[in-house]
Structures are given as C-alpha cells and as structure tokens.
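Worksheet: the structure to be examined is printed underneath.
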Amino acid sequence: MPELPEVETTRRGIAPYLVGARIAGVVVRDPRLRYPVPADLPQVVAGRAVVDLRRRGKYLLLGLDDGTLLLHLGMSGSLRVLPADVAPGPHDHVDLILDNGRCLRLRDPRRFGALLWITGPAEDHPLIRHLGPEPLEDGFDGSYLYSRSRSRRVAVKNFIMDARIVVGVGNIYANESLFLARIHPSRACGRISLERYRRLADEIKGVLRHAIGQGGTSLRDFVREDGNPGYFSLSLNVYGRANEPCPICGTPLSQRRIGQRSSFFCARCQH
DNA sequence: CCGGACGCCTGTCGGC
DNA sequence: TGCCGACAGGCGTCCG
C-alpha cells in the first residue's frame, strides 16, 4: 500500500525522534511478517544507537552503530512514534523502545511487511541489490526508460511498476503518471517513443514530488507518523475513480485489470 | 531472458 | 441481518 511518497513521508516524520537515540529494547508481539522477525532481534539490537534513517525504494533502512534494520511496510503497514507507555492496539506487532521515552510502533494488519537486521552495506543485501534507480534522482529519465524498454512487450504500466526498472512506483502513482503523460496503461512498453518516455519520466517525478508534499495518499490504512492522514487523495485524477468524468475531456473513466492490478485510465485521452 | 500467475494475510465492501 | 466472493497501496517466486 505505501508507495514511495508514503514511505518518504514516514521517514521524514520519524527520523527526528530516532536519529541520535538509542534502542533500549524491542517488543515483538507477533513475529509472523512476510519474513519472520528474527527471534534474536531484541538481544541483537538492544543498546544500539541509531545513526541515520534512509530510504531505498519502499524500504526503510535504519542505520545502527552495528548493522542496519531493514523495514518494509508491505500493503498495510504504518509506523508511529508514541510515548512508550501507550497501550498497543490490534496488529501493533513490534515496538522499538527508545531511550528517550518513546517507541517506534509497527502496525501491519496484513503482515506483508518486514523487519530484518542485516549486516554489511545495505545496498548489497539480496532484497536491495536488484533494485533499479530512484525515480527522483538524476539516473532516472526518459532515455533510461526508453533504452530499458526496447524489444519488450510487457504493458507499460507493469514496466514502470517493476522495481528492477525503477523503484517506488506502485499502483496509484503508475495510474496517475500514465494519465498525466496520456499513455494508455496497457500499451506495449517497447512501442513508446523516446519523446513520450521523457514526458512519462517527468510526470512520474512530478506526481511523486507533489504527493510527498501532501504527506502521501491515505485511502485505508495509511497514517503518517503522527497518526494524521496524507492529503494527496484529493489530487488523484484517475485512481479509484471508475466511471467518473475524465478531468480533461469528461469521458467516463475506465477500469480494467492489467497484470492482476486494477487500472484506471481515460480511453479517449490515453493512447 | 521474458511474461504471466500465484501466494502470502486480514479487513472491508457490495450484492444477494 | 448474514453470508460470500471480490478486492485492497507489494513483491518474491515459480512456471512455461
């Protein structure tokens, strides 16, 4: 559920409470996430100082003075910083107790998220190593998408949601950026011109930046670190708007499954 | 290599 | 009201 803007919003929100603090302890109420929370995590991590909090794609990397905590929010995860004595609710699976009286609490109803302790450079870890470029950095542009897509026939929407191609673009922002670039989501990615990929790369950057500025998109589960929702939902042009009028031409928006994911688009504006 | 399908989970919503 | 299937923001894996 959280895509790049939601993860980045979370990172910015919690970093001030974490960086410079020390982890006093870890409470694991339910270790059954996508990968089991390691049984020895509390003893391994207790006493470690938090050095930094980085993001790579949709992963959060909490740098410690020994190793790194790798976090992923899956479809339904959220992180909040709370006074350590606030009683946990349902699906509050893990607390990192800090030495400043607060705790970082991971809630994840569907348990598709992850919390792992890794050693060595995070960029060498198997879950990170294969990831493509960050969409908001210079290595990502229209000519990159163009060159990676030649002689491929997969739908462009699946192409830009492939983390090996570019990280952080999930179902919401794939739909939105394709609408803004006026590209039909099921068009074969190898049959799109360089010019159109330049436009698409620009729209991906723009929509992600705008969403970060709005604190992300809250539809169901996502809350910011302070418990408030993000407001980008108000800016969605097509996502979740089947049969509503296209903001450009007024034609009712279409909804179709592409690659097992709901896709929203204007059949008239997008080709 | 590529493309497509499938689980992993729980909660919610719409239709009957 | 209750039940049941469909669907939900991700992603690694498996198969042809």
Side-chain angles (χ1 to χ4, degrees), chain A residues 1-10 29-37 55-60 70-79 89-93 106-116 125-132 135 147-178 185-191 204 207-208 211-212 214-224 229-243 255-264:
Chain A
M1 85 175 225
E3 304 181 37
L4 186 150
E6 293 73 41
V7 178
E8 179 62 18
T9 295
T10 298
R29 296 181 198 84
D30 191 341
R32 298 173 301 163
L33 302 184
R34 163 134 208 196
Y35 311 103
V37 179
R55 178 188 59 73
R56 178 72 175 97
K58 298 172 193 167
Y59 290 91
L60 286 171
L70 181 154
L71 282 139
H72 196 285
L73 299 178
M75 289 276 270
S76 59
S78 60
L79 288 166
H91 311 301
D92 285 339
H93 302 314
L106 172 64
R107 173 174 298 188
D108 187 2
R110 292 176 72 180
R111 292 192 275 114
F112 288 170
L115 173 57
L116 298 170
H125 188 271
L127 291 173
I128 304 292
R129 197 172 41 201
H130 71 280
L131 295 177
S147 65
R148 290 298 303 269
S149 60
R150 289 312 89 181
S151 73
R152 292 191 59 183
R153 52 190 76 183
V154 71
V156 62
K157 177 160 177 274
N158 296 347
F159 178 65
I160 61 172
M161 289 177 68
D162 183 343
R164 293 166 298 185
I165 301 300
V166 59
V167 295
V169 182
N171 201 30
I172 293 179
Y173 301 109
N175 280 297
E176 292 297 314
S177 55
L178 288 167
S186 57
R187 169 169 284 273
C189 69
R191 295 186 53 253
I204 289 172
V207 77
L208 293 178
I212 292 170
Q214 298 293 303
T217 300
S218 290
L219 296 181
R220 297 169 189 81
D221 309 297
F222 179 70
V223 289
R224 304 174 60 170
Y231 293 102
F232 190 73
S233 327
L234 302 172
S235 303
L236 295 175
N237 282 296
V238 293
Y239 185 85
R241 297 192 183 279
N243 303 317
Q255 175 175 9
R256 244 178 57 196
R257 278 184 101 69
I258 299 171
Q260 289 91 248
R261 311 299 297 274
S262 262
S263 305
F264 302 86

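On a predicted model such as this, the values are computed, not experimentally measured, just so you know. Order of the sequence lines sets the chain letters (A, B, ...), proteins ahead of strands, with each chain counted from 1.
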Item to check | Reported CG-to-CG distance for the pair A:Leu60 and A:Leu115, which is rounded to 0.5 angstrom | outcome: 11.0 Å

Checklist entry - What pairs with A:Pro31 under side chain to side chain contact (heavy atoms under 4.5 Å, CB included), at least two apart in sequence or on another chain? => result A:Val28, A:Val37

Item to check | Partner set under side-chain hydrogen bond (donor to acceptor under 3.5 Å, both in side chains) for A:Arg56, not counting sequence neighbours | outcome: A:Glu134

Checklist entry - Judged by atom type as modelled, is there a donor-acceptor pair below 3.5 Å linking the side chain of A:Arg241 to the main-chain atoms of A:Leu236? => result yes

Checklist outcome for this item: The dot-bracket string of DNA chain C, counting Watson-Crick and G-U wobble pairs with both distances under 3.5 Å, using [ ] for crossing pairs and | for pairs to another strand, is .|||||||.|||||||

Checklist entry - Within the distance-only criterion (no hydrogens, no angle test), does the side chain of A:Arg150 pair as donor or acceptor with the backbone N or O of A:Gly190 below 3.5 angstrom? => result yes

Item to check | Nearest-Å distance for atom pair CG/P, residues A:Asp92 and B:dG11 | outcome: 13 Å

Checklist entry - Would you find a donor on one side and an acceptor on the other, under 3.5 Å apart, between the side chain of A:Glu8 and the backbone of A:Arg55? => result no

Next on the checklist: Tell me the interatomic distance from A:Arg241, atom CZ, to C:dA8, atom C1', rounded to whole angstroms.
Outcome noted: 17 Å

Checklist entry - Heavy atoms, side chains only, cut-off 4.5 Å: are A:Val238 and A:Glu176 in contact? => result yes

Atom pairs, N/O to N/O, protein against nucleotides 12-14 of chain C, distance under 3.5 Å?
from, atom 1, to, atom 2, distance (Å)
C:dG12, OP1, A:Tyr59, OH, 2.9
C:dG12, OP2, A:His130, NE2, 3.4
C:dG12, O4', A:Arg34, NH2, 2.8

Item to check | hbond_proxy A:Arg111 side chain to B:dC9 base (donor-acceptor, 3.5 Å cutoff) | outcome: no

Checklist entry - Can you list the residues that meet the side-chain hydrogen bond (donor to acceptor under 3.5 Å, both in side chains) rule with A:Gln214, with sequence neighbours excluded? => result none

Checklist entry - For the side chain of A:Arg261, counting heavy atoms from C-beta on, which of C:dG10, C:dA8, B:dC9 is nearest? => result C:dG10

Next on the checklist: Using atom P in both nucleotides, what's the gap between C:dC3 and B:dC9 to the nearest angstrom?
Outcome noted: 25 Å

Item to check | Nucleotide B:dC9, atom P - distance to NE2 of A:His93 in whole Å | outcome: 12 Å

Checklist outcome for this item: Taken to the nearest whole Å, CZ/A:Arg257 to P/C:dA6 is 11 Å

Checklist entry - With sequence neighbours left out, what residues match A:Lys157 under side-chain hydrogen bond (donor to acceptor under 3.5 Å, both in side chains)? => result A:Asn171, A:Ser263

Next on the checklist: Is A:Phe112 stacked against the base of B:dC9, taking the criterion as centroid distance under 5.5 angstrom and interplanar angle under 30°?
Outcome noted: no

Next on the checklist: A:Phe112: which residues meet the ring pair (Phe, Tyr, Trp, His ring centres under 6.0 Å) condition with it, sequence neighbours left out?
Outcome noted: none

Item to check | B:dC9 phosphate, OP1 or OP2, under 4.0 Å from A:Ser76 side-chain N/O | outcome: no

Item to check | Residue A:His91, side-chain heavy atoms: nucleotide from B:dC6, B:dG11, C:dA8 that is nearest | outcome: B:dG11

Checklist entry - Does any residue of residues 151-162 of chain A have a heavy atom under 4.0 Å from DNA chain B, and if so, which ones, in number order? => result A:Arg152, A:Arg153, A:Val154

Item to check | Non-neighbouring partners of A:Tyr173 that pass ring pair (Phe, Tyr, Trp, His ring centres under 6.0 Å), sequence neighbours left out | outcome: A:Phe232

Checklist entry - Rounded to the nearest Å, what distance is computed from the CG atom of residue A:Asn171 to the P atom of nucleotide C:dG10? => result 6 Å

Checklist entry - For the side chain of A:Gln260, counting heavy atoms from C-beta on, which of C:dC7, B:dA5, C:dG10 is nearest? => result B:dA5

Checklist entry - Got a sec, which residues hit side chain to side chain contact (heavy atoms under 4.5 Å, CB included) with A:His93, two or more places apart in sequence or on another chain? => result A:Asp30, A:Leu33, A:His91, A:Asp108, A:Arg111

Item to check | Whole-Å gap separating C1' (B:dG3) and CD1 (A:Ile258) | outcome: 15 Å

Next on the checklist: I'd like to check the side-chain hydrogen bond (donor to acceptor under 3.5 Å, both in side chains) partners of A:Arg29; sequence neighbours left out, ordered by chain and number.
Outcome noted: A:Asp95

Between the protein and nucleotides 14-16 of chain B, list the N/O to N/O atom pairs that are separated by less than 3.5 angstrom.
none

Item to check | Between B:dG3 (P) and A:Arg187 (CZ): distance, integer Å | outcome: 16 Å

Checklist entry - Once you round it to whole Å, what is the distance between C1' of C:dA6 and CD of A:Gln255? => result 12 Å

Checklist entry - Between the side chain of A:Asn175 and the main-chain N/O of A:Tyr239, is any donor-acceptor distance below 3.5 Å? => result no

Next on the checklist: Once rounded to the nearest 0.5 Å, what's the spacing between atom OG of A:Ser177 and atom CG of A:Asn237?
Outcome noted: 11.0 Å

